[in-house]
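Keep in mind that this is a model prediction, so the values were computed, not measured. Computed over heavy atoms, backbone and side chain alike; hydrogens, waters and symmetry mates excluded. One-based numbering along the sequence shown.
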Amino acid sequence: MSYLRAVLNNNTALEIKHLKNIIKYGNKLGHNTSKYEKELAKIRVKKAAKNTKTIKKVKIQKTKTIKKTTKTKPKTNNLNYTVKNVYTKNNMIIIDFYTNITKKYIDYSIDKTKYSNLYLFDIKGSFKDARPTKLQISGIDRIYIIQKEKNLLHIKVRDKSKLNPIYIVNKKQIIIKFLNIGSNVNSNTTKTTTNSNIINVNRYKRKVVVIDAGHGGKDVGAVGSNKKYEKKVVLAVSKYLYNILKKRGYNVHITRKGDTFIKVRNRTILANKKNADIFLSIHANSIAKSKAHKVKGVETFFLSPARSARAKRVAAKENSSDVRSMSKSTKNSFLTVLNQSKITASNKLAIDVQQNMLYTLQQRYKDTVDGGVREGPFWVLVGAQMPSILIEVGYISHPTEGKRLYKSSYQKLLAKGIANGVDSYFLKNP
């Protein structure tokens, strides 16, 4: 079991075990492991404190068993209803649940008509006050809330203009946020919306994003049909992404603005110098000609020793311009020591970007394949001192997807989806 899984599963014993290994291998490689030693000490202190609290809780429970059961009864008087509350705040619709939920609890679709756009959110759950609840957001024409079926809450958002919604699923909450309401309101509500936009811009102004356009110069990257080079595709997507994030108020930097070669190990230098909050490396995938017509889709990677043959294959392709060579055991130790503290945050960022990139593409290209979020040992991410991901925007080797990747309209969709993923990540991790 990896250190990441130990952290996600709150398995303190395994965390301690893996931290000991990190310190051991770090010392062997001559790295400064003081911060990992401090982290290990903190975990041990927390573990001791937790054990003390557990003993106290057991004693309290023994004396207050009757009181606890009487207190919990009122909370369970409506077991048939799973949705606690539905309300709006600023440009968001918020759905609170009684229990923990997953992303499977929401399904989203768009129905466009001649006169308006209808955004449909099907929420798995039942809400006692669905009928009397009225929802309003300044800048949106109308919002309906209906208990469509016994266990299906239906939220409809109707507007003449095109809205840009994203949704975030937390433990007991779904947040539906409309990113571009400011551009859709009429003159009567301009003052309110302008203030709201200023708040959003100010909030993101302090967030620093570094975009890395993969390959460049003599390193052309993957090659598609008719000598379509990966380096050109990813530079175009990176530039569109740069402009979108800039307009949304982020402090954005890009590793290359032209067809120049940058060594893999030097690509995170800019990110570290700028104290970036996140690092995004943009790439396009490819596969052998024999399978080119079968394999396509978008996928997002975060740094970790490779877990699958597919991850190893993609990593080998993207690492090819770096001449470093290490044994498997040394490589894994090196990756672990340098990046373990940022792996969890990188995983969260990868999930948000993948989800939003996929959603944005599927609105126009229904056949877009979800390659998922994966782990991989990418050298370009090793030096990053912040959450970092590598985004594969599609297969340049695929007959159809390869052609799309060279279209500016498709590149803009990709950039928009990635930008929405960045918004989603910072909304949950301010």
Side-chain angles (χ1 to χ4, degrees), residues 72-181 184 348 351-352 354-370 372-373 417 420-421 423-424 427-428:
T72 52
K73 276 186 179 179
K75 291 181 182 179
T76 56
N77 59 0
N78 277 323
L79 286 175
N80 292 330
Y81 299 104
T82 56
V83 177
K84 187 178 181 181
N85 196 13
V86 182
Y87 57 98
T88 59
K89 183 180 179 182
N90 298 329
N91 58 343
M92 298 180 288
I93 299 172
I94 301 170
I95 305 104
D96 290 328
F97 291 78
Y98 285 106
T99 57
N100 288 344
I101 59 166
T102 67
K103 63 180 181 180
K104 292 181 180 179
Y105 273 65
I106 183 169
D107 188 28
Y108 170 54
S109 61
I110 299 176
D111 184 14
K112 294 183 179 180
T113 66
K114 186 177 179 180
Y115 301 103
S116 65
N117 300 292
L118 189 62
Y119 303 84
L120 310 171
F121 300 89
D122 284 328
I123 311 295
K124 185 181 177 182
S126 52
F127 182 38
K128 182 183 177 183
D129 299 319
R131 176 174 279 188
T133 299
K134 304 290 182 185
L135 300 177
Q136 283 186 323
I137 292 178
S138 178
I140 293 179
D141 293 343
R142 192 160 183 182
I143 303 173
Y144 309 83
I145 177 168
I146 306 160
Q147 189 66 51
K148 193 175 181 181
E149 296 174 12
K150 187 177 180 181
N151 196 36
L152 185 64
L153 185 65
H154 203 53
I155 298 177
K156 297 181 181 180
V157 179
R158 188 183 294 278
D159 198 85
K160 292 177 183 177
S161 303
K162 288 183 180 179
L163 299 177
N164 185 12
I166 63 168
Y167 63 85
I168 300 104
V169 179
N170 294 321
K171 287 183 178 180
K172 293 184 179 181
Q173 191 179 72
I174 293 174
I175 299 172
I176 301 167
K177 183 176 181 179
F178 299 90
L179 298 175
N180 64 332
I181 284 180
N184 296 325
K348 290 178 181 178
I351 290 169
D352 283 329
Q354 176 69 14
Q355 182 181 2
N356 283 277
M357 181 170 55
L358 183 69
Y359 161 72
T360 305
L361 288 174
Q362 286 181 340
Q363 298 310 299
R364 184 168 176 182
Y365 300 95
K366 302 293 182 184
D367 60 340
T368 303
V369 173
D370 181 9
V373 172
N420 289 348
D423 281 345
S424 179
L427 187 66
K428 291 180 281 186

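Remark: V369 engages K296 in a side-chain contact (heavy atoms from CB on, under 4.5 Å) (not counting sequence neighbours). Remark: L358 pairs with V298, Q362, T368, D370 by the side-chain contact (heavy atoms from CB on, under 4.5 Å) rule, at least two apart or across chains. Partners of R131 according to the side-chain contact (heavy atoms from CB on, under 4.5 Å) rule, which considers only residues two or more places apart in sequence or in another chain, do not exist here. Scored by the ring pair (Phe, Tyr, Trp, His ring centres under 6.0 Å) test, F97 finds Y105 as partners (sequence neighbours excluded). For F178, there are no ring pair (Phe, Tyr, Trp, His ring centres under 6.0 Å) partners at least two apart in sequence or on another chain.
The closest side-chain heavy-atom distance from Q355 to Y359 is not below 4.5 Å. The shortest side-chain heavy-atom distance between R158 and Y115 does not fall under the 4.5 Å cut-off. Contact of the I166 side chain with the L179 side chain is registered, since non-hydrogen atoms from C-beta on lie closer than 4.5 Å. Contact of the K177 side chain with the N91 side chain is registered, since non-hydrogen atoms from C-beta on lie closer than 4.5 Å. Under the 4.5 Å side-chain criterion, counting only non-hydrogen atoms from C-beta, K171 is not in contact with I101. Residues V157 and I137 form no side-chain contact, since every pair of their non-hydrogen atoms from C-beta on lies 4.5 Å or further apart. Between M92 and Y87, every side-chain heavy-atom pair lies at or beyond the 4.5 Å cut-off. Side-chain contact between L135 and T133 is present, with at least one heavy-atom pair separated by less than 4.5 Å.
Put simply, CG on N170 and CD1 on I94 are 10.0 Å apart, with the number rounded to the nearest 0.5 Å. Distance check, rounded to the nearest 0.5 Å: OG of S109 to CZ of F121 gives 8.5 Å. I106 contributes atom CD1, which lies 4.0 Å from atom CD1 of I123 (distance to the nearest 0.5 angstrom). Taking CG of D111 as the reference point, atom CG of L120 lies at 6.0 Å (rounded to 0.5 Å). Separation of atoms CG (D122) and NZ (K156) is listed at 9.5 Å; rounding is to 0.5 Å.
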I'd like to know whether I174 forms a side-chain contact (heavy atoms from CB on, under 4.5 Å) with I93, so could you lay out the CA-CA distance, the side-chain angles of the two residues, the decisive distance to 0.1 Å, and finally the verdict.
CA-CA 8 Å; I174 293 174; I93 299 172; over 6 Å; no

Test side-chain contact (heavy atoms from CB on, under 4.5 Å) on K124 and N151; report intermediate values, then the result.
CA-CA 6 Å; K124 185 181 177 182; N151 196 36; 3.8 Å; yes

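The backbone N or O of S126 lies less than 3.5 Å from a partner atom in the side chain of T82, making a donor-acceptor pair. Under a 3.5 Å cut-off, the side chain of Y119 and the backbone N or O of L163 do form a donor-acceptor pair. Of the possible polar contacts, one joining the T360 side chain to the N356 backbone as a donor-acceptor pair under 3.5 Å is found. Side chain of N117 to main chain of S161: a donor-acceptor pair is present (N/O by atom type, distance under 3.5 Å, no hydrogens or angles).
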Side chains of residues 139-148: which donor-acceptor partners sit under 3.5 Å, not counting sequence neighbours?
{"from": "D141", "atom 1": "OD2", "to": "K160", "atom 2": "N", "distance (Å)": "2.9"}
{"from": "Q147", "atom 1": "OE1", "to": "F127", "atom 2": "N", "distance (Å)": "2.8"}
{"from": "Q147", "atom 1": "NE2", "to": "G125", "atom 2": "O", "distance (Å)": "3.1"}
{"from": "Q147", "atom 1": "NE2", "to": "E149", "atom 2": "O", "distance (Å)": "2.8"}
{"from": "Q147", "atom 1": "NE2", "to": "L152", "atom 2": "O", "distance (Å)": "3.3"}

